[in-house]
Amino acid sequence: MSATMYGIPNCDSCRAARKWLDAQGIEYQFHDVRADGLTAAQIEDWLHDAPGLELINRRSRSWRELDETSRARGDSEPAALLAEYPLLLKRPLLQSGGQLLNGFQQEAWAGFFRAHG
């Protein structure tokens with residue numbers, strides 16, 4: 001099963017997730033959202049594939065630094081907002097086999113790979 005993990009290299013949760021994936025021998029590609037960005041079309045696909053998945057980290061410093069107009073776009077235009085500010089992505093986001101998980105919780109990720117492995 002191929003997997004892609006979206007995040008940034010210096011994020012503690014992303015580092016923990018990468019370490020866990022490596023320890024499990026799970027092959028994955030790492031997509032650095034800061035360096036490589038995200039597209040609105042890609043995010044729209046995620047929102048379509050996993051309705052209700054919270055993609056925006058509303059507790060992050062990046063979110064707190066946004067003005068009120070931009071924050072309002074989090075509800076009305078989440079894909080456009082994330083494409084413009086990819087660091088708002090709730091990290092890490094794991095995509096594998098058309099399925100998505102975000103935020104690293106070891107038990108959830110282990111269950112995901114058992115079910116979809």
Side-chain angles (χ1 to χ4, degrees):
M1 168 190 300
S2 67
T4 302
M5 188 178 103
Y6 296 85
I8 57 175
N10 62 338
C11 168
D12 290 341
S13 295
C14 293
R15 282 195 299 255
R18 291 178 84 175
K19 184 177 178 179
W20 183 85
L21 288 168
D22 291 341
Q24 304 308 308
I26 297 170
E27 292 186 28
Y28 66 96
Q29 293 180 350
F30 181 74
H31 181 99
D32 183 339
V33 299
R34 179 182 287 142
D36 302 325
L38 298 169
T39 66
Q42 176 181 39
I43 299 160
E44 288 289 350
D45 286 345
W46 292 343
L47 292 169
H48 179 266
D49 292 344
L53 182 68
E54 185 59 47
L55 293 178
I56 297 174
N57 183 353
R58 295 170 194 267
R59 294 179 13 198
S60 71
R61 185 178 78 197
S62 298
W63 176 260
R64 290 189 306 268
E65 291 174 352
L66 290 178
D67 59 49
E68 288 301 318
T69 303
S70 296
R71 285 187 196 172
R73 292 176 54 212
D75 293 323
S76 63
E77 302 174 326
L81 183 66
L82 279 167
E84 187 174 347
Y85 301 102
L87 291 181
L88 291 174
L89 181 69
K90 184 175 180 184
R91 304 179 299 263
L93 176 80
L94 180 73
Q95 182 176 27
S96 182
Q99 301 292 315
L100 298 168
L101 284 174
N102 67 343
F104 178 63
Q105 296 175 346
Q106 184 174 326
E107 297 80 22
W109 284 38
F112 174 82
F113 282 104
R114 275 193 304 273
H116 299 95

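Heavy-atom basis, side chains included; hydrogens, waters and symmetry copies ignored. Count residues from 1 along the sequence.
Looking at H31, its side chain does come within 3.5 Å of a backbone N or O of G37 through a donor-acceptor pair. R71 places a side-chain N or O within 3.5 Å of a backbone atom of R64 that can act as its donor or acceptor partner.
The two residues F30 and P9 make their nearest non-hydrogen contact at CZ-N, 3.8 Å. Nearest heavy atoms, A17 versus M5: CB-SD, 3.8 Å. Nearest heavy-atom pair across N57 and W63 is O-CB, 3.5 Å. Across L101 and A108, no two heavy atoms sit closer than the pair CD1-O, 4.2 Å. The two residues A50 and L100 have their closest heavy-atom pair at CB-CD1, 3.9 Å.
The side-chain hydrogen bond (donor to acceptor under 3.5 Å, both in side chains) search around Q42 returns Y6, not counting sequence neighbours. Listed by chain and number, the residues in a ring pair (Phe, Tyr, Trp, His ring centres under 6.0 Å) with W109 are F104 (sequence neighbours excluded). Residues passing the side-chain hydrogen bond (donor to acceptor under 3.5 Å, both in side chains) test with D49: none are found, sequence neighbours excluded. Listed by chain and number, the residues in a side-chain hydrogen bond (donor to acceptor under 3.5 Å, both in side chains) with D75 are R58 (sequence neighbours excluded). For the side-chain hydrogen bond (donor to acceptor under 3.5 Å, both in side chains) test, no residue two or more places apart in sequence or in another chain qualifies with S62.
Side-chain contact between T4 and Y28 is absent, with no heavy-atom pair separated by less than 4.5 Å. For the pair D22/E27, no side-chain contact is recorded, criterion being any heavy-atom separation below 4.5 Å from C-beta on. Within the 4.5 Å cutoff, the side chain of Q24 has no heavy atoms near those of the F113 side chain.
Taken to the nearest 0.5 Å, the CZ atom of R91 stands 10.0 Å off from the CG atom of D12. Atom-to-atom distance recorded for L53:CG and K90:NZ is 8.0 Å, nearest 0.5 angstrom. Note: R15 CZ to N10 CG = 6.5 Å, rounded to the nearest 0.5 Å. Taken from NZ in K19 to SG in C14, the straight-line distance is 15.0 Å, to the nearest 0.5 Å. Summarising the geometry, atom OG belonging to S60 is positioned 7.5 Å from atom CG belonging to L66; distances are rounded to the nearest 0.5 Å.
Residues L94 and W46 are members of separate hydrophobic clusters, defined by side-chain heavy-atom contacts under 4.5 angstrom among Ile, Leu, Val, Met, Phe, Trp and Tyr.
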Just distance, no hydrogens or angles: give the donor-acceptor pairs under 3.5 Å from side chains in residues 77-89, sequence neighbours left out.
from : atom 1 : to  : atom 2 : distance (Å)
E77  : OE1    : R73 : NE     : 2.9
E84  : OE1    : R73 : NH1    : 3.0
E84  : OE1    : R73 : NH2    : 3.3

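Counting heavy atoms of neighbouring residues, nucleotides and ligands inside a 6.0 Å radius, atom CD of Q29 does not exceed 12 of them. Surrounding CD of Q105 are at most 12 heavy atoms belonging to other residues, nucleotides or ligands under 6.0 Å away.
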